[in-house]
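Notes follow the structure.
Since the model is a prediction, treat every value here as computed from it, not as a measurement. In what follows, chains are A, B, ... by sequence order, proteins preceding strands, each numbered from 1.
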Amino acid sequence: MEENKILEKLLATDTSKVADRKDAQSLTSELKEELNKHNYYYYIKDAPIISDADYDRLMKNLQILEGKFPDLITDDSPTQRIGATLEGGFKTVEHGEKMLSLQDAFNYDELKDFLERVYKDLGLPEDEVEFVCELKIDGSAVALVYEDGRFASGATRGDGIIGEDITQNLRTIKTIPLKLLKPQIPPRLEVRGEVYLAKDEFEKINMQREEEGLATFANPRNAAAGSLRQIDHKMTAQRKLNIFLYGAATNPNLSIENQFKLLSFLKDIGLRVNPNIRKATGFEQIKEYIENWRDRRRDLQYETDGIVIKVNKFALQQRLGQTSKNPRWAAAFKYPPEQQTTKVLDITVNVGRTGTLTPVAVLQPVRISGSTVSHATLHNEDELNRKDVRIGDWVLVHKAGEIIPEIIMSIKERRNGTEREFKMPARCPVCGSDVERPEGEVAIRCTSLACPAQQFERIVHFASKPAMDIDGLGPAVVEKLLNKKIIKDSADIYYLKYEDIATVENFKEKSTNNLLDAIDASKSKPLARLLFAMGIRFVGSHIADVLSSNYENLDDLIQASFEDLSKIYEIGPRIAESITTFFKQDQNLKIIEKLKAAKVNFGSEIKNISKKAAFTGKIFVLTGKLSSFTRDEAKEIIEKFGGRVVSSVSKNTDMVLVGEDPGSKLDDAKKYEIKTISEEDLKKMIESND
DNA sequence: GCACCTCGAGTTCA
DNA sequence: CTCGAGGTGC
């Protein structure tokens with residue numbers, strides 16, 4: 001009650017009208033109290049007590065008062081998070097106690113070695129040494145000094161002995177209390193922690209920097225470290241940095257006997273401590289903790305690169321002591337990094353089915369999250385220039401969506417002058433024809449339709465699973481058939497004889513007959529597949545579906561005019577143009593003739609949609625690995641019941657089918673509050689409708 | 001003319 | 001998965 005009244009009064013007061021110094025003094029102290037309390041609840045407890053708007057109003061009131069009576073400004077005032085600009089560089093400071101780094105363990109054998117040494121040095125059995133496991137936050141290590149409960153100074157780790165004084169910048173971090181909660185703390189308290197940037201803040205900053213044409217940060221750690229070292233701490237204030245505290249310099253005045261209790265003490269005095277800690281005894285329990293967080297850590301708001309294992313009791317820690325670099329009582333277990341640095345050995349150019357020239361970086365092979373990466377696409381000329389990747393460069397590589405290798409950036413500091421810039425070729429690297437870059441497009445294209453690379457890719461696409469689905473006719477076989485000049489285009493596939501295929505290496509009786517059967521079976525695939533297989537520009541599987549449901553057969557479609565096509569929903573001028581052009585080209589018409597002569601199905605079938613269609617008009621998105629059916633089967637089922645499957649989640653999506661290891665689409669679904677269903681749910685929904 | 005939603009095309013590795 | 005580009009609707 002009392003509380004609320006004070007808050008109401010503070011919100012209602014127009015401090016610009018306060019003239020009396022005494023009034024101002026009591027108001028400022030109340031405002032400070034309220035604001036600092038809010039910060040504590042907002043950031044530490046995650047339970048805000050006042051709204052953002054009210055917070056802003058209180059801040060403004062306080063600023064006005066402090067403007068009028070500058071002598072009322074104290075260093076624990078929330079307005080002092082942004083103070084005067086720092087002149088010149090950072091001062092260096094010596095740490096009260098050396099900030100050691102931890103000994104790393106990269107696998108369980110190394111972890112066991114560490115544990116065994118601890119047991120041996122202490123002369124204690126495994127079950128008498130308790131450890132504390134903590135997440136290792138991937139940020140920038142700092143030391144904070146509190147004097148009489150007030151934030152006095154803070155510094156970077158530096159080399160462990162001497163760091164840089166970044167007090168001003170640290171003051172901008174709202175989770176660092178300017179004043180500690182409890183009065184009975186020792187007169188001088190030095191605590192250690194990790195300043196980090198939340199993943200979503202990192203994304204935001206990078207997006208902004210990209211818009212402004214600035215170089216983007218490679219990862220949240222770099223961004224955090226960079227932000228902390230901003231000379232202008234107003235820049236630091238804009239980045240919403242955060243902190244977790246995990247330790248203190250040994251202090252005789254603290255009568256705390258172990259790490260676990262220290263962490264809860266830190267929490268009690270208002271410092272932010274990571275909640276994901278546990279005590280563990282013996283290898284198995286530690287391993288449990290490590291495994292528990294191996295995947296879950298990805299869902300956290302911050303990046304972690306491993307876990308820290310510390311002997312719990314300080315008395316035991318002291319007995320173990322330290323080497324010149326590391327304490328002997330702690331180790332860091334590092335998860336295999338999901339980012340690696342490697343060297344660009346070469347940059348090559350791929351020619352795609354449509355003639356697009358795509359630069360690809362050939363990398364010195366590195367292992368990243370479970371697989372060896374040796375190539376990464378550079379997408380196009382613009383991307384290549386933006387990332388400024390040169391042959392010989394060291395680059396930072398990760399896997400987008402756990403699968404696709406991607407170069408994040410080149411490490412310019414590691415250049416030695418021998419790197420070579422790469423220019424996109426002016427001629428097709430495969431056939432030597434001219435290339436063009438159409439106005440307004442990013443792609444560079446080979447202009448020759450007869451380009452062997454394109455011919456090859458077109459045939460591979462034709463036979464691929466989503467197209468004509470000819471099992472046994474993959475890239476390797478297509479290449480051999482082309483080389484032997486047994487086929488020249490996709491229609492030739494239907495004229496292959498037993499003897500033709502048998503000449504290809506590794507094709508014996510059984511495999512040859514299988515392929516012939518697969519080719520035969522493909523002749524009766526629906527028209528939509530054939531349209532997609534033909535590779536008309538802008539005609540993917542969806543537009544192929546649209547076309548096949550608007551025309552009874554391929555011949556009718558060939559006859560269709562630009563105007564006819566443009567009238568169809570979802571077919572605009574560009575697509576209509578592309579289709580009519582395609583059917584005017586001799587080369588294509590010849591292929592179509594050959595397909596017809598081979599009796600490939602040209603007719604479209606009306607899809608029989610269940611009468612009691614359960615999902616009429618409903619839009620589905622699939623994510624994750626499905627177990628009881630494939631994605632294609634799920635799609636077919638949904639379409640049979642009148643639903644549609646699209647590739648990305650938007651607010652129009654009705655349901656998201658979630659399989660195992662769902663991707664970012666599940667996050668999107670949550671964001672838009674879209675109903676998610678499991679495979680079981682889908683089955684039930686169908687059954688109840690049959 | 002712009003915002004928003006989809007689609008198309010290219011890519012990697014086990 | 002990501003990017004760029006096409007189509008639709010305001």
Q) To the nearest angstrom, how far is E383(A) atom CD from dA5(C) atom P? A) 13 Å
Q | Test side chain to side chain contact (heavy atoms under 4.5 Å, CB included) applied to I493(A) and V478(A), I519(A), L595(A), the passing residue | A | I519(A)
(Q) Once side chain to side chain contact (heavy atoms under 4.5 Å, CB included) is applied, do any residues pair with R390(A), and if so which ones, sequence neighbours excluded? (A) D388(A), D393(A), R415(A), E419(A), E421(A)
Q | pair K594(A)-Y494(A): side-chain heavy atoms closer than 4.5 Å | A | no
Q: Taking the six-membered ring of Y335(A) (Phe, Tyr or Trp), confirm whether the NZ or CZ of R297(A) is under 6.0 Å from its centre and within 45° of its axis.
A: yes
Q. Does some side-chain heavy atom of F532(A) sit less than 4.5 Å from a side-chain heavy atom of H542(A)?
A. no
Q) Tell me: CG of L357(A) to C1' of dG4(C), nearest whole Å? A) 17 Å
Q) Given atom CG of N380(A) and atom P of dA5(C), what is their separation to the nearest angstrom? A) 8 Å
Q. Contact class for E441(A) vs. all strands (heavy atom < 4.0 Å): base, sugar-phosphate, or nothing?
A. sugar-phosphate
**Q.** Per-nucleotide protein contact string for nucleotides 9-14 of chain B, where B marks a base within reach and S marks sugar-phosphate only (heavy atoms under 4.0 Å, - for neither)
**A.** SSBBSS
Q) Starting at CG of D382(A) and ending at C1' of dC3(C), how long is that distance when rounded to a whole Å? A) 11 Å
Q: Taking all heavy atoms of A376(A) and all of I407(A), pick out the closest pair and write down the distance.
A: CB-CG1, 4.0 Å
Q) Considering only side-chain heavy atoms of I575(A), which listed nucleotide, dG6(C), dA5(C), dG8(B), is closest? A) dG6(C)
Q: Return yes when atom NZ of K343(A) has more than 12 non-hydrogen atoms of other residues, nucleotides or ligands closer than 6.0 Å, and no otherwise.
A: no
Q) Between atom NE2 in H542(A) and atom P in dT8(C), what is the gap in whole Å? A) 10 Å
**Q.** Atom of V366(A), atom of T341(A) and distance for their closest heavy-atom approach
**A.** CG1-O, 3.9 Å
(Q) Among residues 430-438 of chain A, which ones have heavy-atom contacts with DNA chain C below 4.0 Å? (A) none
Q) Run the side-chain hydrogen bond (donor to acceptor under 3.5 Å, both in side chains) check on T354(A) and T356(A) step by step: do they pass? A) CA-CA 6 Å; T354(A) 61; T356(A) 316; 2.8 Å; yes
Q. Quick one: I571(A) CD1 to dG8(B) C1', roughly how many Å, whole number?
A. 13 Å
Q) Starting at OH of Y569(A) and ending at C1' of dG6(C), how long is that distance when rounded to a whole Å? A) 13 Å
Q: Figure out the CG/P separation between L531(A) and dG8(B), and round it to whole Å.
A: 12 Å
